[in-house]
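Read through the structure below, which is laid out as structure tokens, and then see the notes.
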Amino acid sequence: MDSIEALRSTLLIGPELALILTGLIVMVIDALIKGKAKTELFWIALLGLAVSFVLNLERFHQVSSAFAGALSLDEFAAYFNIIFIVGAFLAIVLSKDYIAKMDLRANEYYALLLFSTSGMMILSSAKEFMSLFLGFEIMSISVYILSGFNRRSTRSSEAGIKYLVLGGFASAILLYGIALIYGASGTIFLDEIAKRFDINNPLYLAGTALILVAFIFKIGAFPLHQWVPDIYEGAPMAVTGFMSVGVKAAAFAILLRVLFEGFSQLETSWTQVLWIVSVFTMTIGNLAALTQISIKRMLAYSSIAHAGYILVGVVAAYGEKKLGLSSVLYYLFSYTFMNLGAFGVLTYLSMKGRECETLDDISGLWVKKPLTAVALGIFMLSLAGVPPTIGFFAKYRVFLSGVRAEFYWLVVIGILNSVLSAYYYLRVLVYAYMREEKVEFPSFKPISAVALTILTIGTIILGIFPFYSWDLALKAVDSFLLALQAR
Amino acid sequence: MIAWIILAPLFGALINGILFASGLSRRFLGGSEHEEKRIVGIIGCGVVLISALISSFLFFKLEALHPQQKEIIQELYIWIPSGDFAARFEFLFDSLSCVMTLVVTWVSFLIHVYSVGYMQEDKSYSRYFTYLNIFVFFMLVLVLGNNFPLMFIGWEGVGLASYLLIGFWYDDPAKATAGRKAFIVNRIGDFGFILGIFLIFFVFGSVNYQEVFKKAIDPEFMSAIPGVVVTTIALLLFVGAVGKSAQFPLYVWLPDAMAGPTPVSALIHAATMVTAGVYMTARCNVFYSQSPTAQAFVVSVAAFTALLAATIAITQNDIKKVLAYSTVSQLGYMFMGVGCGAYAAGMFHLVTHAFFKALLFLGAGSVIHALGGEQDIRRMGGLRKFLPITFITFLIGTLAISGVPLLSGFFSKDEILSALYERGYTIHWLIGLITAVLTAFYMMRLYILTFGGKTRMSEEVKHHIHESPYSMAIPLLILALLSLIGGYIGIPAFMGKILEIHDSNLFEEFLGSSIFVKWVQPEEYYLFGHWTLVEFATIAAFLGIGIAIFMYLIKPSLPETLAKVPVISTLYRGSYAKWFVDEIYGVAFTRTFIVLSKDLLWANFDVTIIDGAVNGVGSIARGAATLLRTAQAGILRFYAALMALGAVAILIYMVVSARF
Amino acid sequence: METIIFYVFAATSVIGSLVLVSHKNPVASALSLVLTLFSTAVLFILLLAHFIALIQVLVYAGAIMVLFLFTVMFLNLRDESLRFDAVKVPVKLGILSLLLLISGYFIFIGFKKIPPLNTMVISHPEPFGTVEGVGEVLFSDYLLPFELTSVLIVVAILGVVVIAKRRFD
């Protein structure tokens with residue numbers, strides 16, 4: 001690659017660069033600002049995300065590849081980037097008051113969040129293993145630190161360490177897989193690997209399996225889901241919200257890319273694996289969530305369950321490529337809204353020194369804060385998959401693709417699980433609407449309220465009018481599949 | 001545009017519901033209860049008025065359209081496109097739905113206005129209007145939907161609204177029970193309805209009206225479909241109608257539904273919801289017209305219902321119960337009309353009935369309101385000087401329903417009877433005639449006992465008595481007017497020719513664009529000609545009125561004397577006890593089910609098997625949860641070990657499965 | 001010749017890592033890690049990746065391990081403070097060995113397809129594995145990963161600051 005190519009590529013990764021630069025600026029500016037409030041950092045971070053969003057829109061018009069094929073800046077990536085940026089944006093807005101309440105260091109918080117998002121964006125476009133791994137690590141390590149951010153809380157520190165160690169373990173497995181693949185093929189580029197793929201060579205098989213394992217870890221699916229409840233519960237509430245949507249989406253993005261672009265010859269095998277994984281993931285997630293008193297932990301298990309639902313879409317892609325993949329993309333999009341919303345409400349209700357975690361903590365919400373209770377209700381209903389929320393439409397698409405691809409049993413199990421899940425989601429509403437108030441609620445905070453309003457409206461409106469976002473998902477998948485066929 | 005007809009009441013419901021009924025407004029905006037009631041009333045009535053105005057505007061637009069294409073379709077959006085089955089939110093405004101919409105919206109509007117006065121003192125004022133608007137919304141969805149799922153949504157929705165409104169004063173357990181009864185009986189009918197829709201989809205591959213009906217009148221397509229299938233569809237749909245429109249044997253909920261506020265009875269259980277079945281039958285005329293079996297069945301059930309209900313109505317003493325049974329009876333007439341293929345006649349009666357039945361109910365409400373809640377007609381009488389407006393309007397309603405010539409009911413009832421005769425349903429015609437006599441009788445009886453003669457009111461009631469406020473009186477007047485002159489839109493052809501007004505039945509012509517299979521009068525010899533049939537109907541009316549006047553006005557002691565005669569007293573007691581239908585149901589169905597449920601299913605099946613299964617699942621879940629909890633002991637190395645195990649498992653699986 | 005070196009140093013690296021995870025004394029663990037790193041460096045040389053080998057020794061075994069040892073000694077961790085579950089260990093070791101065996105099996109099968117070391121014709125351009133060679137590709141073909149690494153390092157530094165910085169309240 002010569003310098004012209006390098007320059008061109010640098011310009012092409014404007015969205016990612018914007019975030020990285022903003023992160024750096026936030027860190028630097030912090031030293032120049034006096035006082036504790038530091039709202040400037042907040043706005044700078046948001047500005048950076050806005051710039052990144054706008055630049056990302058370009059990618060819908062023009063597909064390109066950067067850095068000599070290391071990144072594929074296509075609509076598939078662009079769609080995911082929307083999820084990441086919107087998620088990060090809303091997460092930051094929700095975090096502002098939370099940071100103040102919990103007395104955390106704002107600058108590092110925002111910077112890490114921005115870096116993590118940039119890592120996710122790299123992941124969504126990565127076409128070769130090195131950038132993939134680096135994006136993976138940037139995203140992950142930022143999130144490890146964010147998990148342990150609240151040093152006053154032992155649970156937070158514990159979450160941070162656990163995440164670091166287990167995540168490191170997963171990264172090691174990922175690297176081992178990559179090494180095996182490289183050893184067998186001699187290249188790190190996904191399309192080249194696909195060409196050289198040889199099913200009879202166990203190195204390829206083992207490598208694929210190990211890489212798959214690492215991704216399964218990252219999406220929080222069986223059998224590597226054990227980290228999710230502890231880390232989600234221990235991490236600061238605003239961080240958990242961000243993690244649960246962004247990291248999951250990024251992990252799915254790279255899972256799809258690697259499996260479909262690189263390892264498509266093993267499709268039958270990994271579809272079977274994912275079938276089993278999906279069934280167990282959904283079931284374990286839902287069963288475990290049933291008995292939780294802590295809403296935070298319950299949402300963690302619910303996250304696991306939802307990963308299971310999304311996997312149904314991935315499995316369905318075996319028979320119905322377009323429909324299955326689009327449903328995955330769409331689900332992740334809608335998941336951002338509802339999950340971030342749910343965690344957002346809890347973040348909003350957290351007070352200094354005490355997070356809003358258990359069912360008792362939201363008892364009687366309807367009386368004191370009716371609008372917040374309505375928002376919470378909508379998010380819970382969406383997670384349960386009740387129409388006309390976005391959650392319903394997402395589940396519908398996923399299960400429909402499963403039916404079309406003739407994975408009937410999987411869909412049946414999925415629907416049963418979904419029904420089961422209604423119990424623990426609605427239980428939250430019972431406490432919020434029908435029980436007596438147990439703890440004090442914080443006062444109205446306009447900025448967080450704005451974010452929650454956006455999320456609530458989004459959850460409903462996009463549920464009633466899902467067309468635009470669904471079409472976008474279809475388009476993204478189209479370009480993805482087109483590129484695959486062109487090879 | 002069509003969508004706004006439907007959306008206006010929805011918004012009204014949302015605003016009233018969210019802001020007022022939930023109590024939010026009082027918390028955030030303050031304001032007195034009185035102010036709030038005014039706003040709620042304005043919003044509630046206003047949105048329905050908007051719907052009515054838009055409907056009227058569209059009526060004119062529809063009229064102007066080319067006769068071959070008398071329909072306006074508006075597609076709102078496609079919600080779930082999934083292959084061939086697209087849940088389309090599409091609305092159809094053709095002559096049939098136009099008629100229904102106009103009736104629904106305008107009558108609703110009048111009743112909303114009436115309610116402002118009637119419910120003024122009630123503490124759940126906002127909730128009332130919210131529910132009322134919800135009802136109108138769903139009713140409009142029902143009649144304006146362009147496919148069966150939408151009709152079904154409306155169908156279910158009005159059932160829900162009906163339940164909410166019947167049991168409006170839920171503090172009284174009896175009233176709440178009435179609501180439940182309505183809902184459950186409806187459900188039985190709905191089951192048939194849904195099966196009908198499934199069958200339609202299965203046979204025609206679509207649930208959209210245009211697509212289904214186009215196929216249904218295509219002789220080539222239909223030649224492949226056995227007749228029994230069409231009959232089944234027609235009958236299944238009719239089952240739904242039996243439930244919703246209170247025909248035998250699923251009519252029992254309607255009299256109980258009188259537990260709700262009287263305007264509700266007027267709106268839902270007289271003018272609109274109960275007529276949904278008639279509308280549905282008319283809409284699906286293409287099926288009925290092709291299945292004489294189904295038609296015969298419908299007409300027979302309807303005739304039986306009409307007669308049965310009338311025999312009960314003659315002895316009831318609760319003013320609302322008389323009107324309720326009267327409604328069941330008149331619905332029977334409507335079904336006789338649409339059942340024999342005279343769709344226009346049936347619909348016409350639907351329209352006129354909406355006018356005078358609403359009038360009668362609102363009048364009854366006026367009486368009840370004035371008398372402080374009294375509903376027993378034995379304790380009424382002599383109300384002429386106290387409630388003059390009600391006195392006159394109620395009389396008009398009574399005469400209209402009795403079929404006194406030149407009033408609206410006369411034309412519509414006569415249309416149906418003539419149609420029955422012309423199509424060869426002679427026995428049913430006769431039954432209809434007898435019922436007409438009974439109808440005139442019990443209505444006049446009701447009128448005389450309520451308003452006429454010397455008063456039998458208690459002293460304290462006399463103290464409180466007052467005429468209704470304007471908000472209640474004006475709708476009465478308007479409806480009375482409509483009951484008087486409303487018949488003229490449907491003057492039958494032969495009359496119109498004579499009077500040189502126009503040479504065809506306007507209403508029938510208007511509706512014709514929605515009817516697919518037109519009736520062609522065979523060249524046969526009839527025993528009775530048009531005018532003769534009219535004479536029969538008129539005689540029936542006056543006969544009934546005459547007997548009633550004689551028995552209750554001229555010789556008021558006659559009823560008591562008659563009641564002592566052995567045969568008559570048995571009949572009387574039977575009629576008064578509604579022919580023990582509810583009791584029979586209780587023994588035959590309810591108790592059987594309870595015994596079955598409690599002793600057999602509950603004791604054995606439920607406790608052991610189902611509970612065992614559920615508890616088993618629960619304990620499995622708990623066990624699983626506990627097991628999972630041990631897996632989630634929080635120990636890092638344990639997690640890592642589990643992860644490693646999982647990784648290896650996947651590794652082995654992948655490698656093995658790929659190789660073999 | 002190279003085969004013997006390979007097997008010897010492969011063995012030492014494995015032994016080193018096993019000792020690392022199982023030894024009670026933290027200093028001994030750290031030192032065995034150094035052994036592992038040295039052995040891996042030798043393996044890198046065998047693969048003609050001289051530069052990497054050098055960096056491995058200099059940076060990893062040199063700088064980083066010194067830091068590790070420094071911290072360990074500073075914290076003065078006693079043997080007892082690393083509690084050890086006598087019952088669970090054999091089980092875990094058993095599982096671990098199983099893992100190793102299984103993966104080894106697959107790798108060996110794979111390797112049967114690849115010609116043995118000394119017959120492999122590795123056609124590398126001259127500067128492969130040297131500073132010049134690595135540098136050339138690092139700044140041209142693999143520019144993106146290189147730059148991303150810098151971001152990663154920033155993130156890591158941030159993490160250190162977050163975790164270690166003294167609070168000012």
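Within every chain, numbering begins at 1; the chains are lettered A, B, ... in the order of the sequence lines, protein sequences first and strands thereafter.
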Decide side chain to side chain contact (heavy atoms under 4.5 Å, CB included) for A/Y144 and C/V155; before the verdict, give the C-alpha distance in whole Å, the side-chain angles of both, and the deciding distance to 0.1 Å. CA-CA 10 Å; A/Y144 302 158; C/V155 169; over 6 Å; no

Can you tell me how far OH of C/Y142 sits from CD1 of A/I188, rounded to the nearest 0.5 angstrom? 4.5 Å

Does a side-chain heavy-atom distance below 4.5 Å link A/E128 with C/P145? yes

Okay, A/I20 and chain C: the region with an atom under 4.5 Å from a heavy atom over there is side chain

Quick one, A/F115 with C/L152, criterion side chain to side chain contact (heavy atoms under 4.5 Å, CB included). Give me CA distance, side-chain angles, the key distance, then yes/no. CA-CA 9 Å; A/F115 286 130; C/L152 189 57; over 6 Å; no

Rounded distance [0.5 Å steps], CD1 in C/I163 versus CD1 in A/I145: 6.0 Å

To the nearest 0.5 Å, tell me how far C/L144 CG sits from A/T10 OG1. 9.0 Å

Per-residue contact mode, A/L146 against chain C (heavy atom under 4.5 angstrom): neither

Looking at A/F197, I want to see if its CZ is surrounded by more than 12 non-hydrogen atoms of other residues, nucleotides or ligands under 6.0 Å. yes

Euclidean distance, A/M130 CE relative to C/F146 CZ, rounded to 0.5 Å: 12.0 Å

Could you pull out the closest heavy-atom pair between A/R151 and C/V162, with the gap in Å? CD-O, 3.0 Å

Rounded to the nearest 0.5 Å, how far does CD of C/E147 lie from CG of A/L17? 9.5 Å

Do other residues, nucleotides or ligands put more than 12 heavy atoms under 6.0 Å from A/F189 CZ? yes

At what distance, to the nearest 0.5 angstrom, does CD1 of A/I138 lie from CG of C/L148? 4.5 Å

Is A/L24 in contact with chain C via its backbone, its side chain, both, or neither, using a 4.5 Å heavy-atom distance? side chain

Contacts satisfying side-chain hydrogen bond (donor to acceptor under 3.5 Å, both in side chains) that involve residues 36-59 of chain C (not counting sequence neighbours) are C/T12-C/S39

